[in-house]
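Both counts, for ligands and for their atoms, begin at 1 and track the order of listing. Along the sequence shown, residues carry numbers from 1. Note that the structure is a prediction, hence the values are computed from the model and not measured.
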Amino acid sequence: MDNKNGISEYPNTAAIIRQLDDLIKQPIYTIKPEALTAYEQQYYEKKCAKSKAMIQEAVHVIPGGVQHNLAFNHPFPLVFTKAEGAYLYDIDGNQYYDFLQAGGPTVLGSNPIHVRSKVIELLNDCGPSTGLFHEYEYKLAKKIADHIESVEMFRMLGSGTEACMAAIRVARLATKKKHIIKMGGAYHGWSDQLAYGIRIPGSKWTQAHGVPRHMFKYTQEFYPGDLKDLERKLRFNRLRGGTAAVLIEPVGPESGTRPLEFDFNKGVEELCRKYGALLVFDEVVTAFRIGMSGAQGYFGVSPDLTVFGKVVAGGYPGAGGLGGKKQYMKYLSAGLGSGDKHKRALVGGTMAANPLSCVAGYYTLDEMERTNAVQRAGIMGDKLTSGLKALIEKHKLPFVAFNQGSICHLETVGTLHYAIDWSKPWRIPGVLKATSERKKEMEHMGAAYMAEGIVTLAGSRLYTSAAYTDEMIDDVLVRFDRVFGQVAIKA
Ligand SMILES: Cc1ncc(COP(=O)(O)O)c(C=O)c1O
């Protein structure tokens, strides 16, 4: 493995898909009710009293009691007050191993001193924002362009959601075509036209509550990993306005929860060239986690546009941006522009590209380069995953563990492995019922992990960071062993 990539060996996708297919045919295996009750009473009630009290108050002023979709957990959310390296601490003083990693951005681990001290220096000098140009806007853009070959220019925005929106506008201006195609199940933020086919492939608009159906007039999804289905849609669109962009999460929908064959991205690139659509890689999770040259460097693909988020601000706010070839990025020109006469996409954001996000992003990438963080985080991901596989075997469970470097998946119920097939509409209610029942059990497993001092992403994904050590992962596996030892078929 060179120092650019975090994946030591690409997972055997076909074998994983087979295992996931089997998993959803099995009854639900989950934490035994008496074990869950014991965690609730012995851990949450006794050791998390301050969290409980705060959430009981917060629920009166914050809808649902928390501000973040990933923060909710059974039986109540915990309040975190300290983050350091691989550890998190709650308001009651309990310590946890952090595999949520703020949802992905902290590849270096939480709150690294090297980044923090530069942020404090900047705050002392100019504060977080001025609304004017700052040297770190340039430095961050240059660093990203130096690492990622297809990125000649970069424009910082406020979030991954905004960057996906900008990508679509640029693609439409550049190609003068209308349709956008995404992979079923993939998440590209929560903007209106991309709230389509999210989580469950084939779910179309059904998860997009609050979005009028006509918003999806030009949005389509194709079945994950299915190049034939993608080509069918590209061909069909030729007759009705053309396809402006194909958006891809390069390791697969939901950060690779449904993994793709290694050659898939190359196939999408060829189809985009054939049909004149721009290839947009959504590297919000993968850029600077899969490799310093992005997932595109790893897969050897050259997208037209790349969406960034998370790591580009190193866990600080304002993490988003769009990068790509000059001929497309010109549509985002602000200020002096490029000299050409052309329309400019409408983008904005008072707080986008503020000095705080840019300095944090710059020194995060700088420190990652210096310490080879992507590779170190990937090695920890490998160790965690192989340990989980051994435990699954030991306890004879149908669970599936796999990883793409530091993105680790532990599928206990396979909620995201379902798909909706509209040619068999009578099956749809059953799929929705099964996924919601399974999701509940995933939350119960997540509650058990949390009580054992392990913070996961929704009970099924674990991001590792460069702050982990072999000893920590060994300790984490002992805790997983305890949870797996209390699992049985749901009665
Ligand atoms: C692949 C992908 N794209 C886009 C987004 C949206 O980014 P943000 O939460 O910064 O809006 C996310 C967020 O998790 C993501 O995982």
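- Within the listing of ligand 1, atoms 1 (C), 2 (C), 3 (N), 4 (C) sit less than 4.0 angstrom from a heavy atom of D282.
- F262 and Y298 have their aromatic ring centers within a separation under 6.0 angstrom.
- R273 has a carboxylate O that lies under 4.0 Å from a charged side-chain N of D304, or vice versa, which qualifies the two as a salt bridge.
- With sequence neighbours excluded, no residue forms a side chain to side chain donor-acceptor pair (under 3.5 Å) with D192.
- Using a non-hydrogen distance threshold of 4.0 Å, E254 does not register as a contact of ligand 1.
- Relative to atom 15 (C) of ligand 1, the option among T286, V312, V284 with the closest non-hydrogen atom is V284.
- Remark: aromatic rings of F480 and Y97 are distant, center separation not under 6.0 Å.
- Here the two rings, on F133 and Y138, have centers that are 6.0 Å apart or farther.
- Of all protein heavy atoms, the one lying nearest to atom 2 (C) of ligand 1 is Y187 O, 3.2 Å.
- Of the protein's non-hydrogen atoms, K310 NZ, 2.9 Å is the one closest to atom 14 (O) of ligand 1.
- Listed by number with element, the atoms of ligand 1 under 4.0 angstrom from any heavy atom of E249 are 1 (C).
- In summary, the atoms of ligand 1 found under 4.0 Å from a heavy atom of H188, numbered by their order in the structure, are 3 (N), 4 (C).
- Close contacts of ligand 1 with G189, meaning ligand atoms under 4.0 Å from a residue heavy atom, involve 4 (C), 5 (C), 6 (C).
- Taking the six-membered ring where the residue is Trp, the centroids of F99 and Y449 are separated by 6.0 Å or more.
- The protein heavy atom nearest to atom 7 (O) of ligand 1 is G160 CA, 3.3 Å.
- Atoms of ligand 1 lying under 4.0 Å from at least one heavy atom of S159, given by number and element, are 10 (O), 11 (O).
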Using salt bridge (charged side-chain N to carboxylate O under 4.0 Å, His left out), reason through E443 and K440 one step at a time and then give a plain yes or no. CA-CA 5 Å; E443 281 168 20; K440 184 100 217 113; 3.6 Å; yes
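- Nearest to atom 9 (O) of ligand 1 by heavy atom, out of T161, N69, L194, is T161.
- Checked against side chain to side chain donor-acceptor pair (under 3.5 Å), S150 has the following partners two or more places apart in sequence or in another chain: Q296.
- Regarding atom 16 (O) of ligand 1, its nearest protein heavy-atom neighbour is V285 CG2, 3.4 Å.
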